[in-house]
Student: 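Below is the structure I would like to discuss, written out as structure tokens.
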Amino acid sequence: MKKSWLSRCYVGLVMFFLYAPILVLIVYSFNENKSRGVWTGFSFKWYQELFHNEIILQSLSNTLFIAVVSSLLATLLGTAAAIGIFSMGRKARSLVMNVTYFPIINPEIVTGVSLMLLFAMCGIDLGYLTLIIAHMTFCTPYVILNVMPKLRQMDQHTYEAALDLGCSPLQAFSKVIIPEIMPGILSGLMMSFTYSLDDFIISYFVSSSTSQTLPITIYSMTRRKVSPEINALSAIIFVVVLVILIIVNVYGARQEKQQQKRYASYL
Amino acid sequence: MFKNKAVSLPYLVWSAVFVIVPLGLVAYYAMTTKTGQFTLDNLARVGQYAPVIMSSILLSIIATIISLIIAYPLAYIMSRSSGNTQRTYMMLIMLPMWMNFLLRTYSWMTILERNGLINRFLELFGIGPLTMINTPGAVVLGMIYNYLPFMILPLYTTMLKIEQHTIEAAQDLGATPWQVLSRVIIPLSMPGVTTGITMVFVPCISTFAISRMLGGGSSMLIGDLIELQFLGNTYNPNLGAAISMVLMVIILICMAMMNMFDEGEDKEAMLL
Amino acid sequence: MNENVLISLRNVAVDFDGERILHNIDLDINDKEFVTLLGPSGCGKTTTLRIIGGFVEPTEGDVFFDGARINDLPPYKRQVNTVFQRYALFPHLNVYENIEFGLKLNKVDEKERRTRVKEMLEMVNLKGFEHRSINRLSGGQQQRVAIARALINHPRVLLLDEPLGALDLKLRKEMQVELKRIQQSLEITFIYVTHDQEEALTMSDRVVVMKDGVILQQGTPQDIYNEPANAFVADFIGESNIVDGIMHRDFLVEFAGREFDCVDKGFGLNEQVDVVIRPEDIKVVPSISGQFSGVVESVTFKGVHYEMIVDSCGIKWMIHSTHAEEVGSLVGMCVEPNDIHIMHKMEEE
Amino acid sequence: MKRIIALLVALVACFSLLCLPASANELGLDESYYSRFKDQDISINVYNWGEYISDGSDDTMDVNAEFEELTGITVNYSTFATNEELYDKLKSGGADYDIIIPSDYMISRMIQEGMLLPLDFENIPAVENIFPQYLDTNYDPEGAYSVPYTWGTVGIIYNTAMVDEVVDSWQILWDDKYTNNVLMFSNPRDAFGITLKKLGYSLNSTDELELRVAAEELKMQKPIVQAYVMDEIFDKMQGGEAALAPYYAGDALTMIDANPDLAFATPKEGTNIFYDAMCIPYSCQQKEAAEMYINFMCEAEVAAANIEYIGYSTPNQAAFELLDEEIRTNPISYPDDELLVNTEEYVALPGETNLLMDSLWTEILTTDDQFLTWLMPVMLIAGCVASVVKIVARKRRRAREMADY
């Protein structure tokens, strides 16, 4: 439509707003001089420094380990919960759903603090276990919120059809229900991985000395002065994630094009 | 249908232990002194922080409204574009959320500072250095920047549901573009708006790093107050718990009001 | 353009995704006329409708309304209203608010709006449904609300995009009659899009048959049925037997191995032609006295008549007659000259 | 001939010094003492301030690596940002630290709350390297719980391009000539400390009246202050964002290297002198190994290398002598005595003083938002009215819908 020029430049403006700081970050990761004020020349110094800065690499591996484990477990727990909730009565379902909203609505600092108090009270040592528990606690709701709509859109009779064709309930479940809600499960997994990767307020309160995650290291750095290695690291993360998303996007588009070719009739 | 409630049992136990019990603990700490006797003066002292609470609410409301104004047209444009471009826009919106929240706020510091990038750029045209950093405006900017995607996503998801032929029907019945917007698009996107407002308002009111970095510590937020109690040198966890409880109550009230305005029943779908 | 032509499309063409889906359409629609655009799905009939409605901009050509060129006129400025295929009712409004939507936009006062809505609800016999919410209505009810919503604004032209598609057979028949009645009582021009040839024949004053973005034929239902312009139209409108024939000379055609007298002339000598004979025009006679004969392959009871398939040396003839023949029996067939329709071979693009 | 031999020896000496940082055993340390736990696979958790140990970057000595190589004990090193964070982790019982390096006032609080173990000084022979005056401190009266690691003063760092007058007193931070060009500490204890010293009071004063006067002073300063920050001062001053800011002497040195316009002055009214000291918390599992680590830190060469990297001042006499001339005489790290005379270190204050200081501080920060307090009731009323109207509207709408169903 003729005003597509206007809408395109509006979208461009918002994208620029979102990406300006990230570009600044990436540009400064090549800045030779430590302080961010002045630009003294181009260098890969910080990228080399990055690869033998023990604290950053250790916390990066911690973060990835915890993000993967907690998002997988959260997805398992969340999917089972969603299916269970879906078959509940109206009253029970709205109660459980409100409890599910709690970790999302609750300010992160309150969740972090309350979990810290809980672990202290039960004498559980802060460390990987508490971090995983905390991350699962605030990731599971996102899985449920992704799987529930898929369950609702699903045609209820497909399950009965599977039973009718001789599947046992378990087979029917795995052959009909799982594939149907798989997109919901995957997007739930993706979202919990994202939130777990990026969380620092909650992790801050429940982590111990040996299990420092990357956001915490960055947080304690921003209090003193951000060392440019972090800029280098985030530049790398940005590029890696960008590549992954492009691949997913292109793959999705190609798949869709094939589908379109198959019934390509324009009504 | 697959009637098996037992499957959700592990989740119910899990959320009972790790969601409800901790909140009970916060309440317990809020109402006791260091040594454990019951007392209400923690909560009474919170009254003294009314200006901080109010300025947090005010800044969060402003930030939420501005992000709604920015996100709404974007979400509409996204929902009306072709399948492929929609996917690319979604990707471009999600990507910044993957970058570390603190670093992005930190890089805003380098941009907004007295001799930061913007001022240096303006100097080329002889425009004097503007004071942008260390103002409440910078805090609002930080909030908008970090939580804008949380407004765009639910709006976009809801607007996807508005059929193109419903819009054409309105045009067909003589509705000018503005009338189409006000009588069809806005009412139908209301569920997305209420969800978006919640998803932005709550994090805004409880954030604390943004105000320290961009606000220069002058416009203190509730998050800073709580952090100060738990990590600052006054170290008074009971008062911190009391403030957290007050914050939770404020958010629940706002949430209840939000539900009032949105009759949409499939709220979950929008919360993605 | 003569005086009562309301809408005319001059050499209109549309490209979509690089392909040309509508080839220079020339179409005139008179005032107070019930015109039907008929054709298989993907033939461009809906695109033509949307051009008139203003939702699609033609790549080439002009659209005239009452003599004025309206290519650039946005939909909301055209004195045209549409009933959409899936009704497009406003989910956030109830029946009353949906119907009064158009009036409210034109600032009609409350009282007059209430009377006109009441009157319209009676016309589509939905009295008392004012405060019902949309998702609690059945398909038929939703469809009638959509019509009421469009008609209440007294448009000069009403566009209907396959409105009866989602209804069951009996309700569809009722609505066909009711739509015709409404059109005649309100004297509004209807432009009706459908792929159901029976609907086209029963409701329209004029039928426009389209295929692959081109208008094949325009005319009254009778013309279209009796004088199909080519094999496609014949086959698409009603049932018909189509065979290859050779036109020896005027009034003499040879097909199925025999020569027949016919009423058509003006074809080239020995020109390859398509011969179209309606199933009900073939008379069944005892095998010896028929012009040609064949063996009855199958007989199916269709309520009003029997449909028989007769195999005459390889060609399968479909015959509709009131009494059934034995399967496997040999029968004779004969055809009146003016029931044989000759038409030029259609060049396949 | 003799000259050639001397040359050769010198060459070898500087060669060894140049090519690799002096490895521990070359320091001639008492091998037997350090190898007691050689291959018992012991590990200790050290919890220290960020960027507060020589970690081998730009060819300084990597202290932890040297210790591990010498003693075979692995060091798990992690950092904290504030004393309270350290206190939190210890108090909640979840932490498992063997060595912590908190500041003076936190040590005195931890001693009061019995969170530290007394040190067994037979295991720390190198402690006599420490200057005697730094061993008897009022934050650790018996001197049994801590060994000083660094000390430093808080002074004023200023940008000579923006400030041309002589800077020697806290008063300059209140001078409206530098409006919107002064940075101030954002935590109440330091802010009040500076103000109390400016008024001539003790920075550990618990007298409510003195605190209220200080609060008024700080309120007057508010319009002049560009921002209340803590460690952002480091980057802001280096980037020329502000003219004046109170900051730590140790960091001032590194900042001055980066931006030569900067200068540092210790105010004459006296300031806060602070000590960071090594202690062993009650959660320690390897007490002897921890004491060995403390002893290693007090070794002359290690302390010298460490202090050069950190930039703060060393309490270690042996290390002090090893430092080169211009650091020893630098007035920033080692101000002369009459300036040191009226410096005080922080001491843990009683609960009510903390509470009072905290509420005064919040009051100061939100002075210009007081008008917001009346906004609270307005918001509540608006909220209730809106929701009531909405409920009624929805009820009516639903009722009408039900009526003709």
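Numbered from 1 within each chain, the chains take letters A, B, ... in sequence-line order. All values reported here derive from a predicted model rather than from experimental measurement.
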Student: Could you tell me which portion of B/Leu117 (side chain, backbone, both or neither) has an atom closer than 4.5 angstrom to a non-hydrogen atom of chain A?
Tutor: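 The side chain, not the backbone.
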Student: Do A/Leu214 and B/Asn100 pass the side chain to side chain contact (heavy atoms under 4.5 Å, CB included) test, and can you show the C-alpha distance, the side-chain angles, and the key distance before you say yes or no?
Tutor: CA-CA 9 Å; A/Leu214 191 61; B/Asn100 185 294; 5.5 Å; no
Student: Do the non-hydrogen side-chain atoms of B/Ser8 and A/Met88 ever get within less than 4.5 Å of each other?
Tutor: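 A side-chain contact under 4.5 Å exists here.
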Student: Any idea which heavy atoms bring A/Leu18 and B/Tyr145 closest together, and the distance?
Tutor: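 What the structure gives for the nearest pair is O-OH, 2.7 Å.
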Student: Would A/Phe17 and B/Ile144 count as a side chain to side chain contact (heavy atoms under 4.5 Å, CB included) here? Give the steps.
Tutor: CA-CA 10 Å; A/Phe17 171 66; B/Ile144 294 172; 4.2 Å; yes
Student: Pick one of side chain, backbone, both or neither for A/Leu197, based on which atoms fall under 4.5 Å of a heavy atom in chain B.
Tutor: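 Only the side chain of A/Leu197 comes within 4.5 Å of chain B.
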Student: Could you look at B/Ile243 and say if it's the side chain, the backbone, both or neither that has a heavy atom under 4.5 Å from chain A?
Tutor: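 No part of B/Ile243 comes within 4.5 Å of chain A.
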Student: Please report the closest heavy-atom contact between A/Leu118 and B/Val17, naming both atoms and the distance.
Tutor: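 So the minimum-distance heavy-atom pair works out to CD2-O, 3.9 Å.
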Student: Relative to chain A, which segment of B/Thr88 carries a heavy atom at a distance below 4.5 Å: side chain, backbone, both, or neither?
Tutor: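 Its backbone and side chain both get close to chain A.
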Student: Can a donor-acceptor pair be found between the side chains of A/Ser114 and B/Tyr29 at a distance below 3.5 Å?
Tutor: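 Note: A/Ser114 and B/Tyr29 side chains miss the donor-acceptor criterion.
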Student: Pair B/Phe18, A/Met136 - check side chain to side chain contact (heavy atoms under 4.5 Å, CB included), show working.
Tutor: CA-CA 10 Å; B/Phe18 292 114; A/Met136 274 179 70; over 6 Å; no
Student: Roughly how far apart are B/Leu153 CG and A/Met191 CE, rounded to 0.5 Å?
Tutor: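 One finds 7.0 Å between CG of B/Leu153 and CE of A/Met191.
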Student: If you look at every heavy atom in A/Met15 and B/Ile93, which pair is closest and at what distance?
Tutor: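 Heavy atoms only, the tightest pair is CE-CD1, 3.9 Å.
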Student: Restricting to ring-ring contact (aromatic ring centres under 6.0 Å, His included), what partner residues turn up for A/Tyr10, sequence neighbours left out?
Tutor: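 None.
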Student: Please name the pair of heavy atoms, one in B/Leu102 and one in A/Pro215, separated by the smallest distance, quoted to 0.1 Å.
Tutor: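 Taking B/Leu102 first and A/Pro215 second, the nearest heavy atoms are CD1-O, 3.9 Å.
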Student: Measure distances from B/Leu74 to the heavy atoms of chain A and classify the residue's part below 4.5 Å as side chain, backbone, both or neither.
Tutor: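 Its backbone and side chain both get close to chain A.
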Student: Which region of B/Pro10, side chain (C-beta onward) or backbone (N, CA, C, O), has a non-hydrogen atom less than 4.5 Å from a non-hydrogen atom of chain A, or is it both or neither?
Tutor: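 Contact with chain A is through both the backbone and side chain of B/Pro10.
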Student: Can you name the nearest heavy-atom pair linking B/Trp14 to A/Ile133, along with the distance?
Tutor: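 Closest pair (atom of B/Trp14, atom of A/Ile133, distance): CZ2-O, 3.6 Å.
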Student: For the interface with chain B, which of A/Gly184, A/Ala81, A/Pro103, A/Gly188 has the highest count of heavy-atom pairs at distances below 4.5 Å?
Tutor: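 Most heavy-atom pairs under 4.5 Å with chain B: A/Ala81.
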Student: Can you tell which of B/Ser206, B/Ser81, B/Ala16 has the highest number of heavy-atom pairs within less than 4.5 Å of chain A?
Tutor: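 Option with the greatest count: B/Ser206.
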Student: Do you know which of A/Leu13, A/Thr100, A/Thr79 has the most heavy-atom pairs under 4.5 Å to chain B?
Tutor: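 Looking at each option in turn, the highest pair count goes to A/Thr100.
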Student: Is the CE atom of A/Met190 crowded by more than 12 outside heavy atoms at less than 6.0 Å?
Tutor: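 Result for CE/A/Met190: open.
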Student: Please state whether the side chain, the backbone, both or neither of B/Ile111 comes within less than 4.5 Å of a heavy atom of chain A.
Tutor: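 Interface part for B/Ile111: side chain.
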Student: So do the side chains of A/Val24 and B/Trp108 get within less than 4.5 Å of each other, counting heavy atoms only?
Tutor: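 No, side chains not in contact.
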Student: Can you list the residues that meet the ring-ring contact (aromatic ring centres under 6.0 Å, His included) rule with A/Tyr195, with sequence neighbours excluded?
Tutor: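 Result, ring-ring contact (aromatic ring centres under 6.0 Å, His included) vs A/Tyr195: A/Tyr142.
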Student: Given heavy-atom pairs under 4.5 angstrom as the criterion, report whether the side chain, backbone, both or neither of A/Val14 touches chain B.
Tutor: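 Contact with chain B: side chain only.
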Student: Return the OG to CZ distance between A/Ser234 and B/Arg104, rounded to the nearest 0.5 Å.
Tutor: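 It comes to 10.5 Å.
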Student: Would you mind reporting whether B/Met99 and A/Asp198 have side-chain heavy atoms less than 4.5 Å apart?
Tutor: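 Answer no - side chains too far apart.
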Student: Tell me whether the rings of A/Phe200 and B/Phe101 are parallel (<30°), tilted (30 to 60°) or perpendicular (>60°).
Tutor: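 Rings of A/Phe200 and B/Phe101: parallel, as their planes differ by under 30°.
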Student: So how far is it from B/Met91 CE to A/Ile244 CD1, rounded to the nearest 0.5 Å?
Tutor: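 Here the interatomic distance stands at 11.5 Å.
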Student: Does a side-chain heavy-atom distance below 4.5 Å link B/Thr110 with A/Leu25?
Tutor: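 In short, these two side chains do not touch, never coming nearer than 4.5 Å.
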Student: Sort B/Ile251 into side chain, backbone, both or neither according to what part of it lies under 4.5 angstrom from a heavy atom of chain A.
Tutor: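 Only the side chain of B/Ile251 comes within 4.5 Å of chain A.
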Student: Select one option (side chain, backbone, both, neither) describing which atoms of B/Leu92 are under 4.5 Å from chain A's heavy atoms.
Tutor: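 Both parts, heavy atoms under 4.5 Å.
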Student: From B/Tyr11 OH over to A/Ile83 CD1, what is the distance, rounded to the nearest 0.5 angstrom?
Tutor: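 Between B/Tyr11 OH and A/Ile83 CD1, I get 14.5 Å after rounding to 0.5 Å.
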Student: Between A/Phe102 and B/Ile20, is the side chain to side chain contact (heavy atoms under 4.5 Å, CB included) condition met? List the steps.
Tutor: CA-CA 9 Å; A/Phe102 239 74; B/Ile20 295 167; over 6 Å; no
Student: For B/Ile205, is it the side chain, the backbone, both, or neither that has a heavy atom closer than 4.5 Å to a heavy atom of chain A?
Tutor: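 Neither part.
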